[in-house]
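Each remark here refers to the structure printed beneath this line.
Keep in mind it's a predicted model, so treat the numbers as computed, not measured. Naming: A, B, ... by sequence-line order, numbering from 1 per chain.
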Amino acid sequence: MPEAIHSKSPQPRVRFAPSPTGFLHVGSARTFIFNWLYARHNGGAMILRLDDTDVERNTQASVDSIFEGLKWLSLGWDKPGWDEEYKQSERIELHRKTAWTIFEKGLAYRDFTPAHTGDSEKSGAQGTWLFNPGARELSREESDRRAAAGELFALRFRVPREETMWGQPPSAVRFAEGKLSVHFKDAVYGEQIKAAADIEDFALLRSDGMPTYHLASCADDADLRISHIIRGQDHLTNTFKHVLIFEAAGFTPPQFAHLPLLVAPDGTKLSKRRHGPVVSVTTYRDAGFLPDAFINFLCLLGWSPKNDRENMSLKELTDAFSLEGINRSNAVVNFKESAISTNVVIPALSAAQGRACPELAEGNLLFYPEETFDPKALWLNAEHIRGLPVEELSARLLPIVRGAGFSVDAEKMLRITPLIRERIKLLRDVLTAADFFFVDQLPPYDPAELIPQKGDAAMAVKVLARAREVLASVEFKHDPLDQALRAAAQELGVKAGQMFQPIRVAVCGRKNAPPLFETLEVLGRETTLARIGQATQLNIT
RNA sequence: GUCCCCGUCGUCUAGCCUGGCCUAGGACAUCGCCCUUUCACGGCGGUAACACGGGUUCAAAUCCCGUCGGGGACGCCA
């Protein structure tokens, strides 16, 4: 895609800047989606940048996981290119340059105080700390001398403490009623004001010379000419610091839009550590969510088109999206807390199928029960599944069926698909909804299931015997089957339902299944007769 | 602790800015009925919310103040 954006251009440039310290979770995914939607709706550009300045915690596995998640979403991005990203770790010189520019203006200073040893780490309740005593007042000469002598220091931002500090204060810094304050306007949360006395002298460079997140982020956003920063609300208070950095470095701060947080049912924000794979994007993928359904679901958390529309395509979402539709209160992703710990029960699936699935039986695959997912996400996914053309749905189902160890050809799958389309919420449900189409031998079932409603064992035997005769000669097409079986029911003096039930159980191995005639049609005469034959051998009581 | 943000059915939300049309609308979930060869889909209906307390006003979910509750940020992490 050609670089056609000028700095004065009205076209927005947004970015998604995850830090690779874990898998991509649903909260980050939503941030990505909102940025993408904003860019697409306004004909702007979307940039991907890895904020990887934390060498301690970054892992390649995280990078891979993030890409895996984004790839599944299939939305893509514009810069630096598809499957490419900016890496903060490769732009450190730019960050340093920005820091020293601020320093030269006298808006940052060297702090030679040794780094915190980490004893008061957990408390997080320092509250009133603003700067280390003595560090701020150090003369430039003294500062230069100690630095030249090789003393370690952190570079700190000199947050304005008195009116005269900034010679010509930018509009973001105001003085009123004896108090200095920092201002910015958030597209979602409105006018934001914070007293400078409540902002500590945060670090720009660490004593090892590495930039901090605040510095790197702002320097990059300015350099990449980001016009709108759309991110989680957990950054709302940090934004005052960012505004200060932008102004001190001589940049115009971009527009900000903070998103309400996605929280767990207990109200706390989603955490990779606490909630684990339950909040991972790949978990949704593996369970059989359609990317567009997942996107649709996430969009509805914290944003509304305000017209009661819920089931929306990507195109509709793009057309409808606007920052004005974002609300301010946190949204709960309604998974069951119990799902967090019940994620290693794959044998249950095989058992339900009554068949050993080579891969699954190993017990290595994780299985997430339905409660892992928000009911609304499940419903939306089912809606999207029903909205898919049969060919496409079938093509998506095929690899799942094969992956579970069954062999089906595409043609048969295409005939099965319409029969289960309205009966599955997740793509993986194909394994439990259509299993009897795939196996040669039906798993054992309770013979009592063969007994029809308001009937007895004798009726089941009678029905099965007659069905066998009828099905031996009738054409295996919906209408002829329908007529023949109904006629047989009448002959036997049983209700249609009482006729169909034993047959259904005999061929499907259970009571709940797709419509009978369509099922028989796909199964074919041979399999049908074999299964009914087997049923008649059972001891029905 | 300090600062910031938020508070409408169980959940996601509309309404709030520009008070009256709100005896608060929709969706999911849940319950019941209908359709029906089972299940599902679909249709119809039910239960269910303006956190609380004061103001302002003829009139407040909507405006103001307070209380309580929840969340977030306060690091040489991001």
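Of the residues near RNA chain B, A:Gly497 and A:Phe240, the one whose nearest nucleotide (by heavy atom distance) lies more toward the 5' end is A:Phe240. Two residues, A:Pro375 and A:Asn330, neighbour RNA chain B, and the one matched to the more 5' nucleotide by heavy-atom proximity is A:Pro375.
Rounded to a whole angstrom, the distance from the C1' atom of B:C22 to that of B:A61 is 8 Å. Remark: the separation of the C1' atoms in B:U2 and B:G10 is 35 Å, to the nearest Å. Spacing of C1' atoms, B:U13 relative to B:A29, comes out at 14 Å, to the nearest Å. For the C1' atoms, the distance from B:C12 to B:G53 is 29 Å, rounded to whole Å. Rounded to a whole angstrom, the distance from the C1' atom of B:U11 to that of B:U67 is 27 Å. Rounded to whole Å, the separation between the C1' atoms of B:U23 and B:C35 comes to 33 Å. Taking atom P on both B:G45 and B:G54, the two are 38 Å apart, rounded to the nearest angstrom. Across the P atoms, B:A27 and B:U47 are found 15 Å apart, a figure rounded to whole Å.
Within the 4.0 angstrom heavy-atom criterion, no nucleotide atom of any strand lies near A:Ser217. Across all strands, A:Glu518 comes closer than 4.0 Å to no nucleic acid atom at all (heavy-atom distances). Counting non-hydrogen atoms under 4.0 angstrom, A:Glu56 reaches nothing in the nucleic acid. Backbone-only engagement by A:Leu261 is indicated by non-hydrogen atom pairs under 4.0 Å involving sugar-phosphate atoms exclusively. At the heavy-atom level, A:Pro515 lies under 4.0 Å from base atoms of the strands shown. Note on A:Pro260: nothing from the nucleic acid sits closer than 4.0 angstrom, heavy atoms only. Using a 4.0 Å heavy-atom criterion, one finds that A:Ala331 contacts the sugar-phosphate atoms exclusively. Residue contacts shown for A:Pro18 are absent, as no nucleic acid heavy atom lies under 4.0 Å away. If you check every strand for non-hydrogen atoms under 4.0 Å, A:Gly302 touches sugar and phosphate atoms only. Residue contacts for A:His258: at a heavy-atom cut-off of 4.0 Å it reaches no nucleic acid atom on any strand shown. Within the 4.0 angstrom heavy-atom criterion, no nucleotide atom of any strand lies near A:Arg510. At a threshold of 4.0 angstrom between heavy atoms, the contacts of A:Glu200 are confined to the sugar-phosphate backbone, with no base atom among them.
When distances are taken from the side chain of A:Lys241 to each of B:C74, B:A14, B:C6, the shortest belongs to B:C74. Comparing B:C6, B:C12, B:C77 by their closest approach to the side chain of A:Leu300 singles out B:C12. Nearest nucleotide to the side chain of A:Asn512, out of B:G26, B:C39, B:U11: B:C39. When each of B:G42, B:C4, B:U37 is scored by its nearest atom to the side-chain atoms of A:Phe517, the top-ranked nucleotide is B:U37. When distances are taken from the side chain of A:Asp198 to each of B:C74, B:C5, B:C3, the shortest belongs to B:C3. When distances run from any side-chain atom of A:Glu383 to the nucleotides B:C5, B:G42, B:U38, the shortest one goes to B:G42. Side-chain proximity of A:Ser329 to the nucleotides B:C74, B:G7, B:G75 is greatest for B:G7. Taking every side-chain heavy atom of A:Leu236 into account, B:C4 is the closest of B:C4, B:C6, B:G75. Relative to the side chain of A:Asp54, the nucleotides B:G7, B:C77, B:C76 differ in distance, and B:C77 lies closest. Distance from the side chain of A:Asp308 is smallest for B:G26 among the nucleotides B:G26, B:C77, B:C6.
Atom P of nucleotide B:C17 and atom NZ of A:Lys306 are separated by 13 Å, given to the nearest angstrom. The distance from atom CH2 of A:Trp379 to atom C1' of B:A29 is 12 Å, rounded to the nearest whole Å. For the pair A:His235 NE2 and B:C77 P, the computed distance is 15 Å after rounding to whole Å. Remark: C1' of B:A27 and CG of A:Leu301 are 13 Å apart, rounded to the nearest angstrom. Rounded to an integer number of Å, the gap from A:Glu324 CD to B:U18 P is 16 Å. Spacing between atom CG of A:Asp266 and atom P of B:G70 amounts to 12 Å, rounded to whole angstrom units. If you measure from atom NZ of A:Lys269 to atom P of B:C5, you get 18 Å, rounded to the nearest angstrom. Here B:C6 presents its P atom at 18 Å from CG of A:Leu262, a figure rounded to the nearest Å.
Not a single donor-acceptor contact under 3.5 angstrom links the side-chain atoms of A:Lys376 to the base of B:A29. Remark: the A:Ser207 side chain and the B:C76 base include a donor-acceptor N/O pair separated by less than 3.5 Å. Side-chain to base pairing of A:Arg328 with B:C6: no donor and acceptor N or O lie closer than 3.5 Å to each other. You'll find a donor-acceptor pair under 3.5 Å spanning the side chain of A:Arg423 and the base of B:C39, going by distance alone.
Heavy atoms only, all atoms of each residue included: A:Leu290 and A:Asn381 are closest at N-OD1, 2.8 Å.
Between A:Phe321 and A:Trp303, the distance separating the two ring centers is shorter than 6.0 angstrom. Here the two rings, on A:His235 and A:His258, have centers that are 6.0 Å apart or farther. If you look at A:Phe153 and A:Tyr109, their ring centroids are not closer than 6.0 Å. When ring centroids are compared, A:Phe157 and A:His214 stay outside the 6.0 Å threshold. For A:Phe335 and A:Phe373, the ring centers are positioned 6.0 Å apart or more.
Separating the CZ atom in A:Arg156 from the CZ atom in A:Arg136 is a distance of 11.0 Å, to the nearest 0.5 Å.
In a base pair of the Watson-Crick type (N1 to N3 plus N6-O4 or O6-N4) or a G-U wobble (N1-O2 and O6-N3), with each distance short of 3.5 Å, B:C35 is matched with no nucleotide. Base pairing annotation: B:C58 forms a Watson-Crick or G-U wobble pair with B:G20, both donor-acceptor distances under 3.5 Å. Taking a pair to require two hydrogen-bonding distances under 3.5 Å in either a Watson-Crick or a G-U wobble arrangement, B:A14 remains unpaired. Pair assignment for B:U30: B:G46, on the basis of Watson-Crick or G-U wobble contacts that are both within less than 3.5 Å.
A tilted orientation is assigned to the rings of A:Tyr284 and A:Phe289, their planes being inclined by 30° to 60°.
Comment: A:Lys376 engages A:Glu310 in a salt bridge, judged by a side-chain N to carboxylate O separation of less than 4.0 angstrom. Between A:Arg91 and A:Asp220 there is a salt bridge, since a side-chain N of the basic residue sits under 4.0 Å from a carboxylate O of the acidic one.
Between A:Asn327 and B:U13 there is a side-chain N or O to OP1 or OP2 distance below 4.0 Å.
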